[in-house]
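Worksheet: one structure, shown below.
On a predicted model such as this, the values are computed, not experimentally measured, just so you know. Computation of the quantities below employed the complete heavy-atom set of this structure, encompassing side-chain atoms and omitting hydrogens, waters and symmetry-equivalent molecules.
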Amino acid sequence: MLSKFFGNTRKPEGFGGKLIVAMMNGGHAGMARWGLAHISLGADARVLDAGCGGGANLAALLRLCPAGTVAGLDHSPVSVEAALKKNAAGVQVGRCRVVQGDVLALPFGDSSFDAVTAFETVYFWPDIENAFREVRRVLRPGGIFFICNEDDGEKASGQKWAQIIDGMTVYDSRRLTTLLESAGFETISAHHERKKGWLCLTAQKPTADAQP
């Protein structure tokens with residue numbers, strides 16, 4: 001039963017998925033606030049939240065970028081619906097859009113965003129290095145990719161959840177750094193909240209970038 005319920009975090013579906021999305025919006029708020037303190041965004045930044053879940057972080061990004069625009073992407077229709085509802089005011093004025101899609105084929109043009117964020121989601125990305133390459137593609141040269149995870153991969157509990165939730169992989173900062181470098185990112189910085197086991201990383205798309 002536990003495996004079935006929390007397995008719904010990978011792609012929320014049905015009534016259980018709606019519960020999961022609501023829980024994530026509230027339960028991850030503290031971690032998201034901590035993580036966002038490690039990224040600098042311009043007031044007019046164009047930001048994509050990849051794996052946007054219920055949309056709480058879209059709302060935070062709209063506040064951080066009061067003259068900017070924010071896009072959310074998620075492969076779960078339940079999450080897309082919740083994120084649209086959460087950010088209805090931003091959608092109405094054209095500052096926010098939310099689409100259903102795949103991180104391996106982002107439905108956005110090259111160099112569309114100043115920053116891409118990923119909160120509590122890279123655990124579930126298949127073919128993660130190519131997903132990172134897609135993120136790099138949609139970033140402008142010099143743009144920032146920001147990853148924020150509740151589990152830093154350095155404690156046993158992370159592997160316990162990976163066994164419970166099918167398709168979940170918990171990464172530590174070293175592995176994520178290696179994957180980001182392989183995907184063509186540079187200037188990678190990792191930040192830890194050791195007491196809680198939180199992790200966030202920032203990585204930059206090269207300013208003189210040639211896509212591989």
Check your understanding: Does the pair L106 and F113 meet the rule for a side-chain contact (heavy atoms from CB on, under 4.5 Å), with working shown?
Key -> CA-CA 12 Å; L106 294 172; F113 300 100; over 6 Å; no

Hey, does [Y] have a side-chain heavy atom less than 4.5 Å from the side chain of [X]?
X	Y	answer
C52	F119	no
V103	L73	yes
M168	F124	yes
N57	T117	no
I128	Y123	no

Minimum heavy-atom distance between [X] and [Y], given as atom pair plus value:
X	Y	answer
G94	T69	O-CG2, 4.4 Å
S173	L201	O-CD2, 4.1 Å
D49	A118	OD1-N, 4.1 Å
A83	V98	CB-CG1, 4.0 Å
A59	K86	CB-CE, 4.4 Å

Polar side-chain atom of [X] near backbone of [Y] as donor-acceptor pair, under 3.5 Å:
X	Y	result
D110	V138	no
R137	F108	yes
K205	G143	no
E150	E120	no

With [X] via side chain to side chain contact (heavy atoms under 4.5 Å, CB included) - residues at least two apart:
X	answer
D127	L104, N130
I39	L36, L41, I144, F146
L62	V70, N87, R95, C96

Calculate, to the nearest 0.5 Å, the distance between atoms [atom1] and [atom2] belonging to [X] and [Y] respectively.
X	Y	atom1	atom2	answer
I147	L199	CD1	CG	8.0 Å
S76	Q100	OG	CD	7.5 Å
L48	L139	CG	CG	8.5 Å
W34	W198	CH2	CH2	7.5 Å

Check your understanding: Does any pair with a residue in residues 51-67 pass salt bridge (Lys or Arg N to Asp or Glu O under 4.0 Å), and if so which ones, sequence neighbours excluded?
Key ->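 Matches after skipping sequence neighbours: none remain.
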
**Study point:** Residue list, side-chain hydrogen bond (donor to acceptor under 3.5 Å, both in side chains) with W125, at least two apart or on another chain
**Key:**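 Checked W125 against side-chain hydrogen bond (donor to acceptor under 3.5 Å, both in side chains); matches are T121.
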
Practice item. Mind checking side-chain hydrogen bond (donor to acceptor under 3.5 Å, both in side chains) for D172 and listing every partner two or more places apart, or none if nothing turns up? Key: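 For D172, the residues satisfying side-chain hydrogen bond (donor to acceptor under 3.5 Å, both in side chains) (neighbours in sequence not counted) are R174.
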
Show which side-chain atoms of residues 179-193 pair as donor or acceptor with protein atoms under 3.5 Å away, not counting sequence neighbours.
residue : atom : partner : partner atom : Å
S182    : OG   : E129    : OE1          : 3.3
S182    : OG   : E129    : OE2          : 2.5
E193    : OE1  : K195    : N            : 3.1
E193    : OE1  : K196    : N            : 2.8

Check your understanding: Under the salt bridge (Lys or Arg N to Asp or Glu O under 4.0 Å) test, which residues partner R97, sequence neighbours left out?
Key -> none

Check your understanding: Tell me the side-chain hydrogen bond (donor to acceptor under 3.5 Å, both in side chains) pairs involving residues 35-46, sequence neighbours left out?
Key -> R46-D114

